[in-house]
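Each chain gets a letter, A, B and so on, in the order its sequence line appears, and its residues count up from 1.
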Amino acid sequence: MLRSRLRGLLEEAAAQLQEDGSWPNGTLPDFTVEIPDDLAHGHLAANWPLVLAKTLRRAPRQVADELLGRIAPDPWFSHLEVAGAGFLNAFLAPGASSAAVLAVEAGQDDYGKVAPGSGERILVEFVSANPTGPLNVVSARAAAYGDALARLLQAAGHEVWREFYVNDAGAQVEALGKTVSYWLKKGSPEEIAFPEDGYKGDYVEEIAQAFLAERGAKALVGLDPTAEIRALAEFAVEMIGRWRERDLLAYGVRFDRYFSEQKDLRASGRVEEALAELERQGVLYSQDGARFMRTSAFGDDKDRVVVKKDKAPTYFAADVAYHWDKYRRGFSRLIDVLGPDHHGYLGRMRAAVAATGKPAESFEVVLVQWIRLLRDGELVAMSKRAGDFVPLGDFLQEVGVDSARFTFLLRSPDSPLDFDLALAVRESQDNPVYYVQYAHARIASLLRQVADQGAGDLMLLSEPEELLLARRLLSFPEELAHAAEGRAPHHIAHYAMTLAQEFHAFYNRHRVLGVEPALSQARRRLAAAVGSVLKESLGLLGVSAPDRM
RNA sequence: GCGCCUAUAGCUCAGUGGAUAGAGCACUGGCCUCCGGAGCCAGGAGCGCAGGUUCGAGUCCUGCUAGGCGCGCCA
């Protein structure tokens, strides 16, 4: 909206120059319009003359002058100037302030968003933590990221579905069942040794107690050991699932579906169907008694086993089936948000997608790096199996939802993050999120006090601080699109910080109340517009925008 | 050994190939008779190392160093 305005002006000027023969015809190279840090470089800066210099074979500044001579007057810009090596710097005029306020008002709470239905159908899978223990703080980052990404994509006009893959089949769940069994029998004549691959957290004992309370010891009578462990595992997974949903809900994350590997894939025959599909595609072959998939033909390092010697499908086979099923449900794009420990998996998964005949670029993976948990500078080990982790619920209790989400979303997903728990708790009051929320509350308070007495005159918004706010507001749609495109919610967090900062600066320097009515009303509308965009930004991050704090 | 991510201010991190590299926290000094001082203004200090591409590199390429993670007929 903002950048494209300047871009349009420049392109028109260039078209004229081409038309009258001053410039050669043909496609001109692309250029950037950026928001400089230093206002001396204008509100906006374009580098086209620098880029064009080679094509046109003349000095950048001369190109700039030629462009400048053809640029039509525009109400958004007071003037443009040539600067530096050949930048075109543009300075905003009150027309831009006016346009900014009107645009935000017209958009209601959807300013900058793209109407739904214009985009793709996207399935975002995230968290997908093993169902063998309560969610811990490591999942918090992935949950914040995946949810914010989903919100962003929705804002960008896509239809988005959030899914959590529950990996509830296989050895680890069995180990969980064995551990529950251990606790049930502890202290009784049938007491058994703690399972070698058992889970050490206290929560398993809690599950055993709950089993006794809800089902009673009789529930296991007559079951053979395998059936007993299966029953206990099922109970445990269910209970952990309830904890999981409770924690995620408290965190503001709601999944459209928890997709069970056991029920939705294996029991329903999806794995066999997917394998049959792969057979049809002719990408399977037998070797050493196992069934292999020719993933190496699609860019993987080597071929992978899908059916083991013992005829059981591998975890990989289930995952192939899962993704195949996602496409079959009508999604045109899949985004997997995974931990860095899964990256060894990407090659074969991409190959699998390609092998089922789907366009490779429709399957995206975002690796969210670990957070390294520290407590007073000491590294905290985090292994579910060792029972040494910080549960999500406790973490949120200590740090707070808004504070936690904002902290995670301020960072790019591929940046490893050191998170000192002691520090986070101590400093949660200093969290940048409050800076943004404070700006919003301040505006809400202001609006409670300044009566709406007409439209005022938006063209009076000509102070430097007002023009900066106009620039920031006008850039929001582009910022949003850019963040969605780059799968980068952290751009929105930084945008919100900057907008809040620019509002605080404006507010400290200028008064809304007690100035002439036409100006007062214009400033009221400007403040309201800022408040509205702050709220939208925070909303995209899943952070609340309180009117009072 | 191979692969992925990372290295920017004292700390935690931003930075679509552009100008004098930014923010928050921490530290120092100023700022309300008045719309919320959880705020504003000012100050110091930084791109791991070496090459290359480019008019221009924190950004792209190569090598090196350091840290994290991964390389099963486990899940």
Please list, chain by chain and in numerical order, all residues satisfying ring-ring contact (aromatic ring centres under 6.0 Å, His included) with [X], sequence neighbours excluded.
| X | answer |
| --- | --- |
| A:W48 | A:F31 |
| A:F406 | none |
| A:H323 | A:F363 |
| A:F503 | A:F506, A:Y507 |

Checklist entry - Counting any heavy atom closer than 4.0 Å, what does A:V512 reach on the DNA or RNA strands: base, sugar-phosphate only, or nothing? => result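 Result for A:V512 = base.
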
Rounded to whole angstrom, note down the [atom1] distance from [N] over to [M].
| N | M | atom1 | result |
| --- | --- | --- | --- |
| B:C11 | B:A45 | C1' | 13 Å |
| B:G30 | B:C13 | P | 33 Å |
| B:U8 | B:A23 | C1' | 13 Å |
| B:A57 | B:G18 | C1' | 9 Å |
| B:G36 | B:C47 | P | 44 Å |

How would you list, by chain and number, every residue that makes a side chain to side chain contact (heavy atoms under 4.5 Å, CB included) with [X], sequence neighbours excluded?
| X | value |
| --- | --- |
| A:A404 | A:Y251, A:F395, A:L396, A:V399, A:F408 |
| A:R266 | A:A169, A:E261, A:Q262, A:V271, A:P313, A:A318 |
| A:Y438 | A:R442, A:H504, A:M549 |

Checklist entry - Can you check the A:F506 CZ to B:C41 C1' distance for me, whole Å? => result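 Distance, rounded to whole Å: 17 Å.
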
Show the distances under 3.5 angstrom between N or O atoms of the protein and N or O atoms of nucleotides 53-59 of chain B.
from  : atom 1 : to    : atom 2 : distance (Å)
B:C55 : OP1    : A:K54 : NZ     : 3.4

Item to check | Residues that A:Q287 engages under side chain to side chain donor-acceptor pair (under 3.5 Å), provided they are two or more places apart | outcome: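 Checked A:Q287 against side chain to side chain donor-acceptor pair (under 3.5 Å); zero matches.
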
Checklist entry - How does protein reach along nucleotides 68-75 of chain B, written 5' to 3' as B (base within reach of a heavy atom under 4.0 Å), S (only sugar-phosphate), or - (no contact)? => result -BS-SBSB

Next on the checklist: According to salt bridge (Lys or Arg N to Asp or Glu O under 4.0 Å), does anything in residues 486-503 of chain A pair up with another residue at least two apart or in another chain? List the pairs.
Outcome noted: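 Residue pairs with at least one partner in residues 486-503 of chain A: A:E364-A:R487, A:R472-A:E502.
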
Checklist entry - Is there a donor on the side chain of A:D38 or the base of B:A21 sitting less than 3.5 Å from an acceptor on the other? => result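 Absent.
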
Checklist outcome for this item: Pairs under 3.5 Å (Watson-Crick or G-U), crossing ones as [ ], inter-strand ones as |: RNA chain B comes out as (((((((..((((....[...)))).(((((.......)))))....(((((..]....))))))))))))....

Next on the checklist: Taking the minimum atom-to-atom distance to the side chain of A:R411, which one of B:A19, B:G24, B:U12 wins?
Outcome noted: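 So the side chain of A:R411 is nearest to B:U12.
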
